[in-house]
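Just so we're on the same page: letters track the sequence lines, and every chain starts at 1.
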Amino acid sequence: MKFTKSYEPGEFEPTIYAQWEQSGAFQPRKIVAESHESETEDAYAIVMPPPNANGNLHIGHGLTIAIEDALTRYYRLRGRSTWYIPGADHAGFETWVVYERALEKQGHTRFEYTRDELYARVWDFVEEQRGNMELQVRALGASCAWDDLTFTLDENVVAQVYKTFEKMWKDGMIYRGEKLVNYCPKHQTAFADIEVVHEDEKGKLWEIAYPLVSVPEDMIDSASDFTKRELIVSTTRPETLFGDVAVAVNPEDERYQDMIGGLVELPLTGRTIPVIADEHADPAYGTGAVKITPAHDFDDFEVGERHDLPRIQVIGEDGRMLEAAGEKYAGMTTEECRKQVLKDLKEQGYLRGEKEIVHSVAHCYKCGAVIEPMLKEQWFIDVKRLAQGATRRLERNEIKFYPANKKKVLINYLAGLKDWNISRQIPWGIAIPMFRQTETEAAPEWIFDTRTHLQKIEVGGVHYYRDEDTFDTWFSSAHWPIVCTNWTEGKENPYYPLNVMETGADILFAWIARMIMMGVYVTGEVPFREVYLHGLVLDAHGQKMSKSKGNVINPIELVAKYGSDAFRLGILRGRSAGMNQAFSESAVMAGRNLCNKLWNISRFVQQLVEEADGSSSSEPVNLSSARLQPCFGPGSAGKGSSEDDAIGIIRQLPYTTGNMGEDWICRELTACKEALEDDMANYRFSEAVERLYTTIWDKYADWFIESQKMHRNVPLLKVTLEMILKMLHPFAPFVTEAIWQSLSWTEGLLMTQEWPSRLRSDPISAENFERLMVVVSEVRRVSNELSEATRGKKYALLYGDEALVDDNSLLVAALAPVTEVISCEGQPRGLRLALANHELYLDVPVEVVAKYREQLEARILAVGNELDALNARMMNPNYVDKAPAHLVKETRDGITEKTALIERLKGELVAIGEGV
RNA sequence: GGGCGGUUAGCUCAGUUGGCUAGAGCGCGUCUUUGACGUAGACGAGGUCAGAGGUUCAAAUCCUCUACCGCCCACCA
């Protein structure tokens, strides 16, 4: 490949990805099942939260992959056998909704087909759509093991789900119960609690009179005629009145004491129902009396259980009133019925009040329809054992969370977890492997059987009929780490538990909690050692992205516009664990700029390498000029020290450091590498990216490369560039690989190279370069501060007794920049630089010096303020007493330095005065 | 009602166990065709770290309270 003037991601990304994939480097190195300890340590496993097989990636997936692939590539470079397992989700309900909508468009309904027909049709539908998502995952650069892609309906997934279900069935954790479930009348399926969205809405609270028919014997007060009294109930759902089986009042409520145990008449029906005492009734709310409808309200259901009340279902699964509501109302929608009931109540004089209120209403998270609590026979999991198992492991800290507080949140959640309804009335999913003895629902006997492809089976001469329901997708998803790693009972598996589970914080309960419960239950082990949760990616203004708001950002468009690496760098920027954060396109642009910068750094280094090769010199270039630098240390020898061998160097070009800039960059790169390792171990991706950014740009390009224009050291340029490429590769895999393959001296794929080892350098020499940088910066600053007319012009830099500058005059001249750097030979002139411990003059004409007076005064003031602050600190005896010694010393040194500096500046001021 | 988070530069955000002059990117201003890069280089302006109180030699950081913003759970007849 050739180095063009700028980096064009589109030209490299597809080919490079194909190269990676074909090389087989995405697959883990094979590890035999009979592994021992060292191999387990060697393995690094992470699974991809499976994106919807027939959907497109959204920006959250982009973040997910940026993080997971960075981890994978990092640990691969570190020599681990990495296994990043990709997945595809059948996305049960989501896909079903899309399909059903398509079906409706064609003028059909689900009820025209059998379940098996529908399943086959959706399968074909998904098959047609499939592939987009996988291409997009590739575009993002995910180095995942495509050979091991797991689809949530794969045979092994279904087999494991059935195995678990059977185990639970045998363990008595599965039961069939008639309970109230969250039911969407539009989709005609039940939901788990977490799939329901509650929203505050305006509604009405009606007051309806229930005439008192009788009171308990001992409460009869001869003075009053109870038959003229009535109990006024408050309700938001008058249409459920037909299902009322009692009226509850609070046992403490003085107003109704004498009615408890009595009977009231249920308007419009002629039925009488009892007045009961229950804590559920809040005396402060409404009238304090609440009608009890166990078949259509979750709380009432529980009240009904407590008081052993019947359940009268009056709303059907199609959302219309049943016969039980009476002939007049049967067949009406709940809405129509509500109107009619209110009208009738009013006419008959039962309606006593109407109030506007705000209350929360449950909606289907997909279509927004109001959730109807519905009495249904469903399969439930008794979660006690699962939750306890998970909680115990969490309390023992077997899983480390990022952010850490999520562990506590999860434990709280598990403590209050209710039994889990796993039945869904949609065909697109894994069939529940249960068969009933009778064709009807009436109290059948159930047997477990995995032959779910059959509607009817025969066991011991008896026919059984398949339950038509499918599993809640979270039930199978809970097995994800188990099925993706091919965990098998009794077999060692170095990839289970996973090293880390990375996903969105929003599915902590739905997924993470269930994976932990299931992992512990099925395998006896937690399914992963660490959990990293990322927050939501919000739009540029901090708003949640949604189709309805029209603020959705498509990651693939950004990839097309700026490149995959730019997107990855940008999306990680400023993001921390668990925090929702706004997306900033400018961060992606900054990422693109970094890629381009690195590309040009490499282009330049390659040029220097070619020049050196062309000169056919076997000697390191310019070593002679480097030798002119007395400040370079003993620094030398990259390869072969025993210390380095101990930490596992495989291949490293030999190099020597020839001047202080070189020692400095070796020190800085090594510091960067070590900090980076720490960042990765602690999942601090944002810090890692920032660190690389400044190291590459501010340090390597702006100082080291610039200094190399004076004294080049080709072997070191190669070593340091390689180091940078490797360090950035986890975050920007494409551009680093493209560079690696464009360089003349590198071989193979960057993605399978060894992580760099530390570079040795002379610390004193490195420190001297730092001092030189201060000098250069000061020269630049003063040059810029000069008046408009003279700014931008170059002057000579004169030095007095100044070894550092004397020894590096060429370098200073180039970096500053100044026309020349020469000794003042005891005859200082021009403007003295405000640097303590340096005797340096910018050789500007006298009139320019005079114009600098103002800036100088400002500077004296600023330094004076700093000095005052330091002095104040030292005046405090407690500070001197209690603060660490090194801080006190620093303060003392600072005072000495600044005092001297002010003296010089004041002297300068006097000199200027004299000059004018 | 219970819980969790946030408030730092014009914008989006870092800031680890309290300790150099509180940082970055983008934006803004001035200057610059330096042996790669204008998607660049040099320099700069810009902050009462939401407010009040406390602990400490020292607080953006720890504690208490207040205000505002956001999220989760439960309840809402």
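- Across B:G27 and B:A74, the matching C1' atoms stand 45 Å from one another, rounded to whole Å.
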Watson-Crick or G-U pairs under 3.5 Å in RNA chain B, rendered as dot-bracket with [ ] for crossing pairs and | for another strand: (((((((..((((.....[...)))).(((((.......))))).....(((((..]....))))))))))))....
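- Residue A:Gln543 contributes atom CD, which lies 16 Å from atom P of B:C11 at whole-angstrom precision.
- A:Gln606 places a side-chain N or O within 3.5 Å of a backbone atom of A:Ser744 that can act as its donor or acceptor partner.
- If you check distances only, the side chain of A:Lys418 never reaches the base of B:A74 with a donor-acceptor pair under 3.5 Å.
- Rounded to an integer number of Å, the gap from CZ of A:Arg873 to C1' of B:G19 is 8 Å.
- Side chain of A:Asp244 to main chain of A:Ala246: no donor-acceptor pair is present (N/O by atom type, distance under 3.5 Å, no hydrogens or angles).
- In this structure, CH2 of A:Trp599 is placed 14 Å from P of B:G38, rounded to the nearest angstrom.
- Taking the P atoms as reference points, B:G53 lies 26 Å from B:C11, given to the whole Å.
- Distance check on atom C1': B:G15 versus B:A22 gives 8 Å, rounded to whole Å.
- When the C1' atom is used for both B:U32 and B:G51, the distance is 46 Å, rounded to whole Å.
- Here the C1' atom of nucleotide B:G35 and the CZ atom of A:Phe3 are 16 Å apart, to the nearest Å.
- A close approach under 4.0 Å does not occur between any side-chain nitrogen or oxygen of A:Ser686 and OP1 or OP2 of B:C13.
- To the nearest angstrom, P of B:G44 lies 10 Å from CZ of A:Arg780.
- No contact: A:Pro877 has no heavy atom under 4.0 Å from any strand.
- The C1' atoms of B:A14 and B:C49 are separated by 13 Å, rounded to the nearest whole Å.
- In this model, the phosphate group of B:C72 is not approached by any side-chain N or O of A:Lys406 to a distance below 4.0 Å at OP1 or OP2.
- For the pair A:Lys406 and A:Tyr413, the NZ or CZ position fails the cation-pi test of under 6.0 Å to the six-membered ring centre and within 45 degrees of the ring normal.
- Residue-level contact check: A:Asp702 touches the backbone only, with heavy atoms under 4.0 Å from sugar-phosphate atoms and none from bases.
- Side chain A:Gln708 to base B:A36: no donor-acceptor pair is found below 3.5 Å.
- Judged purely by distance below 3.5 Å, without hydrogens or angles, the side chains of A:Ser783 and A:Tyr795 never pair a donor atom with an acceptor atom.
- Between A:Asp539 and A:Lys544, none of the side-chain N atoms (NZ, or NE/NH1/NH2) sits under 4.0 Å from a carboxylate O, so this pair counts as no salt bridge.
- Nucleotides B:C26 and B:G46 place their C1' atoms 14 Å apart, quoted to the nearest Å.
- Between A:Phe12 and A:Tyr7, the ring planes lie parallel to each other; the angle is under 30°, not in the 30° to 60° tilted range.
- Under the 4.0 Å criterion applied to side-chain N and carboxylate O atoms, A:Glu687 and A:Arg691 are not assigned as salt-bridge partners.
- Heavy atoms of A:Gln581 sit under 4.0 angstrom from primed sugar atoms or phosphate atoms, though from no base atom.
- Regarding A:Asn405, its CG atom lies at a distance of 10 Å from the C1' atom of B:G3, rounded to whole Å.
- With distances taken from any side-chain atom of A:Lys709 to the nucleotides B:A40, B:G25, B:A36, the minimum falls on B:A36.
- Separating the C1' atom of B:G29 from that of B:C69 is a span of 33 Å, rounded to the nearest Å.
- Between A:Asn593 and B:A40 there is a side-chain polar atom (N or O) within less than 4.0 angstrom of OP1 or OP2.
- Within 4.0 Å (heavy atoms only), A:Ala505 reaches no atom of the nucleic acid at all.
- Between the NZ atom of A:Lys882 and the P atom of B:A59 there is a distance of 14 Å, rounded to whole Å.
- For the pair A:Arg573 and A:Phe685, the cation-pi test (distance below 6.0 Å, angle within 45°) is failed.
- The CG-P distance, from A:Asp698 to B:A42, rounds to 8 Å in whole Å.
- Summary of the strand contacts: A:Ser576 and A:Lys898 both lie near RNA chain B, and taking for each the nucleotide with the nearest heavy atom, the more 5' one is attributed to A:Ser576.
- Nucleic acid contact for A:Glu706: base, since at least one base atom lies under 4.0 Å from a heavy atom of the residue.
- A distance-only check finds a donor-acceptor pair linking the side chain of A:Gln581 to the backbone of A:Arg575 [under 3.5 Å].
- Geometric assessment of A:Arg771 against the ring of A:Trp703 yields a negative cation-pi assignment under the 6.0 Å and 45° thresholds.
- Annotation: B:U66 and B:U30 have their C1' atoms spaced 44 Å apart (nearest Å).
- Residue A:Thr891 is classed as having no contact, given no heavy-atom separation below 4.0 Å to the nucleic acid.
- Two residues, A:Glu866 and A:Lys544, neighbour RNA chain B, and the one matched to the more 5' nucleotide by heavy-atom proximity is A:Glu866.
- Residue A:Arg573 places none of its side-chain N or O atoms closer than 4.0 Å to OP1 or OP2 of B:G25.
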